[in-house]
Amino acid sequence: MSITPWHIYLLAIGPFVGSFLGLVAHRWPKGEPVAVGRSRCDTCGKPLHPLDMIPLISALARRFRCRYCGAYFGVAPWLWEIAGLAVVIPVLWVAGPVLALLTAGLGWALLLLAGLDARHFWLPDMITLPLIAGGLIYTYSVSPQDVPGNAVGAAV
């Protein structure tokens with residue numbers, strides 16, 4: 001196995017994606033906007049300093065607390081960053097950048113679904129339906145004769 005720049009890129013963005021997924025899993029079920037402006041402290045409302053948003057490092061350096069008000073963030077955001085990185089580790093064995101990105105994307109989608117399901121018992125159609133379509137497309141490319149049975153299984 002040879003590590004390519006593409007693999008290093010995926011390893012670098014994994015924690016950032018995990019952090020974003022944690023934000024989505026926290027805000028989306030509440031109906032809050034997901035990507036509006038800079039990240040802020042939930043307690044004091046001050047925008048986070050760029051140095052406070054370095055995945056895996058900032059949380060440890062600040063002891064999981066806000067720079068301004070000292071409010072405890074908890075370890076959940078940090079665990080999402082670790083999970084985002086953990087999704088990418090098996091991708092190192094996937095050949096080719098396109099397949100590696102698709103595999104990482106699938107892993108991140110499943111990570112978000114797992115987080116939403118564990119905390120809110122919710123699997124949103126916006127994520128599950130594209131995964132079903134992707135699975136049927138993949139099945140068609142590998143084993144076209146299995147598509148009807150898999151489509152029935154997905155429908156059920």
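Only heavy atoms go into these numbers, but all of them, side chains included; no hydrogens, no water, no symmetry mates.
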Using a 4.5 Å cut-off on heavy atoms from C-beta on, say whether the side chain of [Y] contacts that of [X].
| X | Y | answer |
| --- | --- | --- |
| D42 | H26 | yes |
| I82 | P15 | no |
| M53 | P47 | no |
| P55 | L85 | no |
| V91 | L101 | no |

Rounded at 0.5 Å granularity, tell me how far [atom1] in [X] sits from [atom2] in [Y].
| X | Y | atom1 | atom2 | value |
| --- | --- | --- | --- | --- |
| M126 | L112 | CE | CG | 11.0 Å |
| L60 | I57 | CG | CD1 | 8.5 Å |
| S19 | E81 | OG | CD | 4.5 Å |
| I127 | L110 | CD1 | CG | 9.5 Å |
| L10 | T103 | CG | OG1 | 9.5 Å |
| R63 | F73 | CZ | CZ | 14.5 Å |

State whether the number of non-hydrogen atoms from other residues, nucleotides or ligands found under 6.0 Å of W78 atom CH2 is greater than 12.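 At most 12 heavy atoms, drawn from other residues, nucleotides or ligands, come within 6.0 Å of this atom.
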Just checking F121: does its CZ atom have more than 12 heavy atoms from other residues, nucleotides or ligands closer to it than 6.0 angstrom?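 Counting neighbours around CZ of F121, 12 or fewer heavy atoms of other residues, nucleotides or ligands fall under 6.0 Å, so no.
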Is there a continuous path of hydrophobic side-chain contacts, each under 4.5 Å between heavy atoms, that joins [X] to [Y]?
| X | Y | result |
| --- | --- | --- |
| W108 | V98 | no |
| F16 | L56 | no |
| V75 | L23 | yes |
| I13 | I54 | no |
| L99 | Y9 | no |

Test side chain to side chain contact (heavy atoms under 4.5 Å, CB included) on V87 and V17; report intermediate values, then the result. CA-CA 10 Å; V87 163; V17 172; over 6 Å; no
Closest approach of [X] to [Y] (non-hydrogen atoms, all atoms of both residues):
| X | Y | value |
| --- | --- | --- |
| F64 | G74 | CD2-O, 3.5 Å |
| P97 | W6 | O-NE1, 3.0 Å |
| C69 | C66 | N-SG, 3.5 Å |
| G14 | V88 | CA-CG2, 4.0 Å |
| D125 | P130 | O-CD, 3.6 Å |

Taking only distance into account, with no hydrogens and no angle test, what donor-acceptor pairs under 3.5 Å do side-chain atoms of residues 139-156 form with protein atoms, sequence neighbours excluded?
residue : atom : partner : partner atom : Å
T139    : OG1  : G135    : O            : 2.9
T139    : OG1  : N150    : ND2          : 3.2
S141    : OG   : Y138    : O            : 2.7
S143    : OG   : Q145    : NE2          : 2.9
S143    : OG   : D146    : OD2          : 2.8

Judged by atom type as modelled, is there a donor-acceptor pair below 3.5 Å linking the side chain of R27 to the main-chain atoms of V34?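 A pair under 3.5 Å: yes.
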N/O donor-acceptor pair under 3.5 Å between H120 side chain and W122 backbone: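 Absent.
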Show your working on side chain to side chain contact (heavy atoms under 4.5 Å, CB included) between V94 and L102 and close with a plain yes or no. CA-CA 10 Å; V94 175; L102 288 172; over 6 Å; no
Verdict with reasoning, W80 to L111, per side chain to side chain contact (heavy atoms under 4.5 Å, CB included): CA-CA 9 Å; W80 276 98; L111 175 62; 3.8 Å; yes
As a quick check of understanding, evaluate side chain to side chain contact (heavy atoms under 4.5 Å, CB included) for L48 and R67, giving each step before the final call. CA-CA 8 Å; L48 297 181; R67 164 190 300 264; over 6 Å; no
